[in-house]
Amino acid sequence: NAGVTQTPKFQVLKTGQSMTLQCAQDMNHNSMYWYRQDPGMGLRLIYYSASEGTTDKGEVPNGYNVSRLNKREFSLRLESAAPSQTSVYFCATEQGFGQETQYFGPGTRLLVL
Amino acid sequence: RKEVEQDPGPFNVPEGATVAFNCTYSNSASQSFFWYRQDCRKEPKLLMSVYSSGNEDGRFTAQLNRASQYISLLIRDSKLSDSATYLCVVDNFNKFYFGSGTKLNVKP
């Protein structure tokens with residue numbers, strides 16, 4: 001079992017370009033999350049999906065959109081990348097919703113020039 | 001005010017030492033608490049959950065003090081392999097809030 005996978009591992013974008021970060025899980029978990037991690041700031045929640053078919057904003061959703069394509073996949077889209085979106089992005093999954101262990105993917109390192 | 005605050009460290013300790021980290025949280029209604037470990041350039045991984053009565057897992061002991069709104073992690077007999085960043089995580093109404101982490105360096 002791969003657990004939680006993310007693609008790509010690294011990406012360099014120019015300001016204004018768009019891209020989609022992919023996340024997939026084979027753990028049959030209901031909830032999925034997108035976080036960003038910046039130096040000295042900890043992980044911050046961008047968007048989450050408590051169950052298939054639902055998505056909600058987290059702490060820092062501006063500039064991002066998400067799609068919960070099916071139970072396995074949860075993608076994060078940057079429509080017009082900005083240098084402030086340079087970060088490490090982590091996808092996470094959870095069996096239920098809240099109060100349980102979250103399992104993280106290996107992360108995507110994004111640099112926006 | 002941040003939801004979760006941690007001393008960033010680094011804590012530099014020799015092998016075999018005992019080291020403790022604290023973490024404070026701002027929302028008194030927080031429901032669940034965790035410690036995650038993050039190695040350099042890797043994803044966070046659950047170290048242990050923190051229960052009201054306190055809990056122990058081998059060399060690691062976690063405590064929760066709801067009255068003062070802090071949680072702690074104690075590591076006994078530190079190993080070189082314990083070198084990492086330790087993230088305090090608080091669950092507020094089904095949303096996880098992460099501290100910025102405390103860096104631990106265990107030296108030979």
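A, B, ... follow the sequence lines: proteins, then strands. Residue 1 opens every chain. Quick note: numbers below take in every heavy atom, side chains included, and nothing from hydrogens, waters or symmetry partners.
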Inset, instruction - Hey, can you tell me if A/Y35 and B/F98 have their rings parallel, tilted or perpendicular (30° and 60° cut-offs)? - result: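 Taking B/F98 first and then A/Y35, their aromatic rings stand perpendicular (interplane angle over 60°).
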Is there a path of hydrophobic side-chain contacts, each under 4.5 Å between heavy atoms of I, L, V, M, F, W or Y residues, that connects [X] with [Y]?
X: A/Y64; Y: A/F74; result: yes
X: A/L78; Y: A/W34; result: yes
X: A/Y33; Y: A/L76; result: no
X: B/V89; Y: B/W35; result: no
X: B/Y25; Y: B/Y70; result: no

Legend entry - Heavy-atom donor-acceptor pair, B/Y36 side chain to A/Q102 backbone, under 3.5 Å: yes
Inset, instruction - Heavy-atom distances under 4.5 Å only: say whether B/Q38 touches chain A with side chain, backbone, both or neither. - result: side chain
Legend entry - Contacting moiety of B/K45, where chain A heavy atoms sit under 4.5 Å: neither
How far apart are the closest heavy atoms of [X] and [Y], and which atoms are they?
X: B/E43; Y: A/G105; answer: CB-O, 2.9 Å
X: B/K42; Y: A/R109; answer: N-NH2, 4.1 Å
X: B/P44; Y: A/F104; answer: O-CD1, 3.5 Å

Legend entry - A/R44, part contacting chain B, at a heavy-atom distance under 4.5 Å: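 Interface part for A/R44: neither.
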Inset, instruction - With a 4.5 angstrom heavy-atom cut-off, could you sort out which part of A/L45 is near chain B: side chain, backbone, both or neither? - result: side chain
Legend entry - Note, B/E3 side chain near A/E59 side chain (heavy atom, < 4.5 Å):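 They are not in contact (no side-chain heavy atoms under 4.5 Å apart), so the answer is no.
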Legend entry - Spatial distance of atom CG (A/L43) from atom CZ (B/F96) [nearest 0.5 Å]: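 If we round to the nearest 0.5 Å, A/L43:CG and B/F96:CZ are 11.5 Å apart.
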Legend entry - Residues forming a side-chain hydrogen bond (donor to acceptor under 3.5 Å, both in side chains) with B/K79, sequence neighbours excluded: B/D77
